[in-house]
Amino acid sequence: MAESTKTPTTPLSERQREDRYDPQRIEEKWYARWQADPALFAAEPHDSSRKKYYVLEMLPYPSGALHMGHVRNYAIGDALARHMWMRGYNVLHPMGWDAFGLPAENAAIKNNVPPKDWTLRNIAHMKQQMKRLGFAYDWAREVTTCLPEYYRWNQWFFLKLYEKGLAYRKSSKVNWCPECATVLANEQVVGGMCWRHEETPVEQRELEQWFVRTTKYADELLNGLDQLEGWPEKVRTMQRNWIGRSEGAMVDFKIDGPSRRAGDKITVFTTRIDTIFGATSIQLAPEHPLAPDLVGNDPSLHAKVEDLIREQARARAADDFETMEKHGVFTGRYAINPFNQEKVPIWVANYILTGYGTGAIMSVPAHDERDYEFAQKYGIDVRVVILPRRTGEREEPMIPYTHKDSMLINSGEFNELSNEEAVVRMTAYAERHGFGKGTVTYRLKDWGISRQRYWGTPIPMLYCEKCGIVPVPEDQLPVLLPENVDITLQGGSPLGRVPEFVNATCPQCGGAARRETDTMDTFVDSSWYFYRYTNAQLNDRPLDTATVDYWFPIDQYIGGVEHAILHLIYSRFWTKFMRDLGLIHNDEPATRLFTQGMVIKDGSKMSKSKGNVVSPDDMVARFGADATRMYSLFATSPDRELDWQDAGVEGVHRFLSRVYRFVMRNAVNAPGASTSRDGNSAAVRQVQRKLHQTIRRVSEDFQGRWHFNTSVAAVMEFVNALYAAEEDITAGRFPAAVLADIQRKLVLLLAPFSPYLAAELWETLGEKDNLLRHPWPEYDPELAREEEIIYALQINGKLRSHVAVPAEAPEALVRERALTEEKVKAAVEGKQVVKVIVVPGKLVNVVVR
RNA sequence: GCCGGGAUGGCGGAACUGGCAGACGCAGCGGACUCAAAAUCCGCCGAGGUUCACCCCUCGUGGGGGUUCGACUCCCCCUCCCGGCACCA
């Protein structure tokens, strides 16, 4: 396009030629413009003809201020959102606040400020920080979970759960954190400690609690993981472990002798029914309901069982189960093995847990490590019933032999069967004779959602003396959380001390009723918030089905791996529950999940106690939002741990300065672009080649690997190439159209990473349209193609020289050039060339002998 | 114990399906500009040797073996670090 050189260029004002990059000036200017135009980052309605793209970052808890982990998370999501806008998608990119929770109550106690005020103030501040960082959120869709407009739907969902039998109340042993003064879900107990208080052992308390039947979906939650190919394998594995499905069988052993209240049989759970002929004892958990019965009136036995219970409780708290020595006590009683009618002794042992299976096992010392250890200690029989299948011969295996590649012996009519076959046949046999059945057990437990705290969603239930448990009628929602409540960490739920709240009328009989005073676990809030974003203002329904159908599933969800179990399993559950209500039609909330690495400093996690916290505000003040964000992407790939270095931010700031100064010096406004190599000098072609190679690299990173560190590096390389060519540019040896085109594309490439600078330079270049909706630059393979390739020359795999060959040269020519190159000739001299390997575009390896 | 991830210059990290190890950035060193400094621009920057005629040689991606014309990359064994699960029957 030679004629474009004749296009007149637009002169630039003195101010635009300002050569110092001042991020504060630029960012404040664009910040003001963006705030004035909320539609800029808004999603189009769901009847848009554009293809939709829903990119979501996990919503923060409004703790007071953003930390670098947030900045990194949102920088990734924002780059993706901006890129997808430029690719022409209708992008939904919302943000909100996970605003209920304990820290607000603690702040209330400490600073004498109501939790609501504290929370809303934090939200205002953090929202301001996000805006200053230039994150492109659709604030019209903001969701704040502590406001009645949101939490009323938590209550509505709770009523639905109750209606469907998925919410129920039961008294049970629950995890209690004395520090939080509340109950914890199993998922919130980490190694026997509270997830918020790493030093506080969790206690067990007997309490009446509301549970959500997550186990109803255990199988679907597990099987669904196979389809979630866009999720990290790590997260899928963690969820699989958490759900912990194991197939096995329940088998009833009749108790020999007199039976008492608790019954006349013990049901054991086993995954190895094939070894049942080798069962030489029954082992009960110390807390097994039959244990007190079986030890009868013997006070010393009772005391020993009590000791075992205490020991287990201690071990649970200290998390040292694995180091505990196995021991137990013989009850003096026997049970009958239903397969061979043998009498086996019943023991109570410290290594059996109440919470798994049935709390009772058949002990097969020959084929289980733990059983073997126990049997050795107490001289219990060890009977081999399984042989390694391969030996065939009756060669004694190493005891305990626990492998499944095996064959049965000493097992009556089941002898000679393989282990797989035996499991099937023996399970069927037990079912036929009515003393057992094949079952599946899970590690996953129902989700206890009651919290004895104030700052949460009130559970919409009433207790009436006449009618019992009565749900609050839907038309009486929301059950408002009262304000001005006296919060202390003692004496149960704070709401219980608010008579106006507690005292209510029974909707069934009109009599006096008492309100439920517990609130919901805050993980309820975050289990479905992303649906609310699709229509956050809707006031007669939690969501609009058609709108959700358009936007869901989420195309890309981004957050910390610490939510791999808690939040992400609850969210998946909630999605399945909503689907079964007919509200939505997707089975999973998100197609792709990305878990970014932690931000650390000087080798450890940023924390106040270590004094290594880097404040985003400080970084923005020193280097600007663009440099801060870009550094968080440039330092390493997003999935890895990021070691924060202020000097690195400074380096990115320097790079942005180079870009800024280059455009300020060379900005021209000329339409069109040179799309052909013809007629351009070698220097021009070289810069264009680098440009298009850069476009390819950055575009590919967005599509696949998300290695934004290499995207940014590629743009840096390109800018270095521009500096190398600047003498030619200044001398006017670049056609204006080409120069203008190069600069426009450079700015477009930077737009997802440093939006402020990109906006400023876009304007400097005389462009008027919205950068965010401007098409992403196309990579032109013709312009990107190398004209000449430098081949590496190897002799026997060792690098010896290089040779330049025209890019289009056929392999034979490459080969010939290589063999006639001086070094190669010298090396080959007097030797025999065995083989010549030509790797097109890369190297030639000459193998000589 | 099981599962997942990782180890590359002084530092953060590149090298995508086996093909020139160290892109890009930081720090450092040298030069230009300056009265000087900062900023900026240019150059050098794995180790050792030979030499600086900037050419060449040897070694080098946690350790040891292997496959291959060729290995950071694939296979086997081992060490260490991070994360998850775990007396799970």
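Note that the structure is a prediction, hence the values are computed from the model and not measured. Throughout, protein chains are lettered first and strands after them, A, B, ... in sequence-line order, and every chain is numbered starting at 1. Any value given below was found using the heavy atoms of this structure, including those in side chains, with hydrogens, waters and symmetry copies removed.
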Answer yes or no: is there a donor N or O on one side and an acceptor on the other, between the side chain of A:Glu821 and the main chain of A:Lys823, under 3.5 Å?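 Yes.
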Is there a donor N/O on one and an acceptor N/O on the other, under 3.5 Å, for the side chain of A:Asn845 and the base of B:C69?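 Result: at least one qualifying N/O pair found.
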I'd like to know if A:Lys326 reaches the base of B:C87 with its side chain, counting only an N/O donor and acceptor under 3.5 Å.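 When only heavy-atom distances are counted, A:Lys326 does reach the base of B:C87 through a donor-acceptor pair under 3.5 Å.
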Tell me, please, which residues at least two apart from [X] pass salt bridge (Lys or Arg N to Asp or Glu O under 4.0 Å).
{"X": "A:Arg240", "result": "A:Asp226, A:Glu233"}
{"X": "A:Asp22", "result": "A:Arg20"}
{"X": "A:Arg817", "result": "none"}

Identify all pairs in which a protein N or O lies below 3.5 Å from an N or O of nucleotides 37-40 of chain B, and state each distance.
from	atom 1	to	atom 2	distance (Å)
B:U40	O3'	A:Arg661	NH2	3.1

Would you say the ring centers of [X] and [Y] fall short of 6.0 Å from each other?
{"X": "A:Tyr351", "Y": "A:Phe374", "result": "yes"}
{"X": "A:Phe523", "Y": "A:Trp447", "result": "no"}
{"X": "A:Phe623", "Y": "A:Tyr631", "result": "no"}
{"X": "A:Phe702", "Y": "A:His83", "result": "yes"}

If the cut-off is 4.0 Å, is [X] near the phosphate of [N], judged by side-chain N/O to OP1 or OP2?
{"X": "A:Arg370", "N": "B:C88", "result": "yes"}
{"X": "A:Lys835", "N": "B:C69", "result": "yes"}
{"X": "A:Arg705", "N": "B:A15", "result": "yes"}
{"X": "A:Thr237", "N": "B:G83", "result": "no"}
{"X": "A:Asn720", "N": "B:G25", "result": "yes"}
{"X": "A:Asn709", "N": "B:G25", "result": "no"}

Is atom CD of A:Glu822 surrounded by more than 12 heavy atoms (other residues, nucleotides or ligands) closer than 6.0 Å?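 No, because the 6.0 Å sphere around CD of A:Glu822 holds 12 heavy atoms or fewer from other groups.
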Output the rounded distance in Å from [atom1] ([X]) to [atom2] ([N]).
{"X": "A:Arg665", "N": "B:C41", "atom1": "CZ", "atom2": "P", "result": "8 Å"}
{"X": "A:Phe708", "N": "B:A14", "atom1": "CZ", "atom2": "C1'", "result": "17 Å"}
{"X": "A:Phe253", "N": "B:A89", "atom1": "CZ", "atom2": "C1'", "result": "12 Å"}

Looking at the angle O4'-C1'-N9-C4 for a purine or O4'-C1'-N1-C2 for a pyrimidine, is B:A53 syn or anti, with syn meaning within 90° of 0?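 B:A53: syn.
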Is B:G9 syn or anti, taking syn as a glycosidic angle within 90° of 0?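 Nucleotide B:G9 adopts syn.
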Using a 6.0 Å distance limit plus a 45 degree cone around the ring axis, check whether A:Arg658 lies over the aromatic ring of A:Tyr723.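 Yes - A:Arg658 lies over the ring of A:Tyr723, closer than 6.0 Å to its centre and within 45° of its axis.
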Touch check for [X], heavy atoms < 4.0 angstrom, all strands: base, sugar-phosphate only, or nothing?
{"X": "A:Leu793", "value": "nothing"}
{"X": "A:Glu233", "value": "nothing"}
{"X": "A:Gly244", "value": "nothing"}
{"X": "A:Leu642", "value": "nothing"}
{"X": "A:Asp639", "value": "nothing"}
{"X": "A:Thr441", "value": "nothing"}
{"X": "A:Gln794", "value": "base"}

Interatomic distance at [atom1], [N] relative to [M], whole Å:
{"N": "B:G84", "M": "B:A15", "atom1": "C1'", "result": "30 Å"}
{"N": "B:G64", "M": "B:C55", "atom1": "P", "result": "33 Å"}
{"N": "B:G62", "M": "B:U8", "atom1": "C1'", "result": "10 Å"}

Taking only Watson-Crick and G-U wobble pairs with both distances under 3.5 Å, what dot-bracket line describes RNA chain B, where [ ] shows pairs that cross earlier ones and | shows pairs with another strand? (((((((..(((......[....))).(((((.......))))).((((......))))..(((((..]....))))))))))))....
Assess the residue pair A:Lys326 and A:Glu369 against the criterion (salt bridge (charged side-chain N to carboxylate O under 4.0 Å, His left out)); give the C-alpha distance rounded to whole Å, side-chain angles, the decisive distance to 0.1 Å, and a yes or no. CA-CA 11 Å; A:Lys326 290 174 188 46; A:Glu369 303 269 359; over 6 Å; no
Return the 5'-most residue of the pair A:Leu843, A:Tyr442 with respect to RNA chain B, ranking by each residue's nearest nucleotide.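 Nearest-nucleotide comparison on RNA chain B picks A:Leu843.
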Does A:Ala285 or A:His802 map to a spot on RNA chain B nearer the 5' end, using the closest nucleotide for each?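 The answer here is A:His802.
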Closest listed nucleotide, where the reference is the side chain of [X] and the choices are [options]:
{"X": "A:Tyr356", "options": "B:C24, B:A89, B:A14", "result": "B:A89"}
{"X": "A:Met716", "options": "B:C69, B:G84, B:C24", "result": "B:C24"}
{"X": "A:Arg640", "options": "B:C24, B:C87, B:G6", "result": "B:G6"}
{"X": "A:Lys234", "options": "B:C85, B:G4, B:C88", "result": "B:G4"}

Are any of the side-chain nitrogens in A:Asp381 or A:Arg383 under 4.0 Å away from the carboxylate oxygens of its partner?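 Between A:Arg383 and A:Asp381 there is no salt bridge, as every charged N stays at least 4.0 Å from the carboxylate O atoms.
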Between the protein and nucleotides 48-58 of chain B, which nitrogen or oxygen pairs are less than 3.5 angstrom apart?
from	atom 1	to	atom 2	distance (Å)
B:C56	OP1	A:Lys823	NZ	3.1
B:C57	OP1	A:Arg800	NE	3.4

Measuring only between side-chain heavy atoms, which start at C-beta, is A:Lys601 closer than 4.5 Å to A:Val614?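 Yes; the side chains approach each other to less than 4.5 Å.
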Yes or no on side-chain contact (heavy atoms from CB on, under 4.5 Å) for A:Arg661 and A:Tyr21, after CA distance, side-chain angles and deciding distance? CA-CA 7 Å; A:Arg661 286 193 309 268; A:Tyr21 169 54; 5.6 Å; no
